[in-house]
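Numbering starts at 1 and runs along the sequence shown.
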Amino acid sequence: MDNSPTSLFESYEQDFQTIISSIRQKVEVEAVTQTGEQRKATLRFVEMELDEADEMISQMEVEIQGMPQSIKSKYQTRAKSSKAELQKWKKQAKDLHLSGARQELFAGRSNAAAADDPYADDEVRSQRTRLLQGNQSLADSTRRLEDSQRIALETEGIGADILTTLRQQRGQIENARDQLQQADGSIDRASGTLKGMIRRMYQQKIVTGAIITVLVLLILIILWEKLT
């Protein structure tokens with residue numbers, strides 16, 4: 001069993017992505033081709049999966065609180081990205097709900113108008129086409145906005161990684177400076193010791209020279225006395 005501080009986060013994140021893949025399939029493939037009760041049933045399943053995904057993000061945020069500070073910012077960014085992705089799918093599911101409700105309301109009115117005016121069918125179709133085009137434009141704008149938000153979150157994550165790297169490099173530089181100062185102190189102490197040894201050596205040379213001089217003088221005195 002993996003006991004690393006990020007193992008549970010990774011597991012919840014993987015479950016989250018699995019749920020999102022299921023939501024994507026239902027929203028982008030199934031619901032857009034369905035109508036009536038079939039679409040409503042699909043969207044009910046989507047709502048249940050959105051709640052499950054929300055719970056996965058809550059668990060991810062709980063796991064982040066127990067992580068070491070050195071890696072916490074990286075996983076906070078990943079959790080924010082997942083939360084932004086979840087909000088995107090919540091928005092799309094809501095748009096599908098509203099679109100279905102408008103279509104049902106519009107279809108009801110169209111049927112009533114068609115019963116009263118047999119020439120209203122073309123106008124109804126034209127209005128419906130414009131409405132669908134407006135919905136598509138709104139969906140495209142929402143998608144572009146979500147892409148921009150995703151890019152901003154990714155940029156924020158990169159910036160956090162850069163700041164972490166800079167802090168680590170600053171610590172390394174400060175450690176190197178401390179070691180250099182310690183080396184300077186050691187060199188100063190060694191230099192003082194060497195100077196003391198040289199000074200003692202000169203003193204010993206002077207004492208030795210004095211002794212030799214005295215001995216020579218004594219020998220000369222003894223020889224002079226013997227010769228005289």
Side-chain angles (χ1 to χ4, degrees), residues 8-64 75-157:
L8 284 177
F9 180 96
E10 301 284 355
S11 177
Y12 290 132
E13 187 178 42
Q14 185 175 2
D15 291 341
F16 173 83
Q17 292 300 331
T18 300
I19 296 171
I20 289 298
S21 296
S22 177
I23 293 172
R24 182 183 296 110
Q25 173 68 20
K26 290 181 175 65
V27 170
E28 292 186 344
V29 179
E30 296 177 12
V32 295
T33 60
Q34 297 170 343
T35 57
E37 292 300 323
Q38 191 178 15
R39 172 185 276 195
K40 289 180 181 179
T42 298
L43 292 178
R44 281 195 292 270
F45 280 115
V46 169
E47 290 296 333
M48 294 171 60
E49 290 180 321
L50 287 171
D51 290 339
E52 291 180 16
D54 211 348
E55 177 63 22
M56 290 300 102
I57 289 180
S58 298
Q59 293 297 330
M60 289 158 64
E61 290 176 338
V62 169
E63 291 303 317
I64 288 174
Y75 285 87
Q76 285 175 334
T77 300
R78 288 168 62 173
K80 287 180 181 178
S81 178
S82 297
K83 186 178 292 186
E85 187 174 8
L86 177 60
Q87 292 301 320
K88 177 185 76 171
W89 292 112
K90 285 183 177 181
K91 178 69 169 56
Q92 291 197 19
K94 182 179 179 181
D95 290 343
L96 284 174
H97 275 296
L98 294 176
S99 175
R102 283 196 297 266
Q103 288 177 5
E104 289 182 358
L105 179 61
F106 190 69
R109 290 180 178 177
S110 298
N111 291 335
D116 296 334
D117 184 1
Y119 299 102
D121 191 48
D122 290 341
E123 183 179 355
V124 168
R125 282 198 294 268
S126 177
Q127 291 177 352
R128 182 177 181 182
T129 300
R130 288 196 296 271
L131 179 61
L132 292 175
Q133 289 174 346
N135 287 339
Q136 183 62 39
S137 298
L138 178 61
D140 291 341
S141 299
T142 302
R143 190 174 297 108
R144 286 194 294 269
L145 180 61
E146 290 165 350
D147 289 341
S148 299
Q149 185 179 16
R150 176 179 54 78
I151 293 172
L153 288 172
E154 291 175 354
T155 303
E156 180 183 354

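Rounding to the nearest 0.5 angstrom, the gap separating the CG atom in L96 from the CD atom in E30 is 12.0 Å. One finds the OG1 atom of T18 at 10.5 Å from the CD atom of E13 (value rounded to the nearest 0.5 Å). Interatomic distance, K90 NZ to D51 CG, rounded to the nearest 0.5 Å: 7.5 Å. Summarising the geometry, atom CD belonging to Q87 is positioned 11.5 Å from atom NZ belonging to K91; distances are rounded to the nearest 0.5 Å. A distance of 10.0 Å separates NZ in K40 from CG in L43, rounded to the nearest 0.5 Å.
With respect to S22, the side chain to side chain donor-acceptor pair (under 3.5 Å) criterion is satisfied by exactly one of K26, R24, Q25: K26.
When the side chain to side chain donor-acceptor pair (under 3.5 Å) test is applied to T35, no partner is found at least two apart in sequence or on another chain. The salt bridge (charged side-chain N to carboxylate O under 4.0 Å, His left out) check on E10 picks up R78, with sequence neighbours excluded. Partners of E47 by side chain to side chain contact (heavy atoms under 4.5 Å, CB included), not counting sequence neighbours, listed by chain and number: L50, A93, H97. Under the ring pair (Phe, Tyr, Trp, His ring centres under 6.0 Å) criterion, Y12 pairs with no residue at all, not counting sequence neighbours.
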Would you tabulate the side-chain donor-acceptor contacts of residues 57-64 under 3.5 Å, counting partners in other chains and residues two or more places apart, or write 'none'?
from	atom 1	to	atom 2	distance (Å)
S58	OG	D54	O	3.2
Q59	NE2	E55	OE2	3.0
E61	OE2	K83	NZ	2.6

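The two residues S82 and Q17 make their nearest non-hydrogen contact at OG-NE2, 4.5 Å.
Without hydrogens or angle criteria, S81 side chain to T77 main chain gives no donor-acceptor distance under 3.5 Å.
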### Task
Begin with the C-alpha distance, continue with both residues' side-chain angles, and end with the deciding distance and a verdict on side-chain contact (heavy atoms from CB on, under 4.5 Å) for L86 and F16.
CA-CA 9 Å; L86 177 60; F16 173 83; 4.2 Å; yes
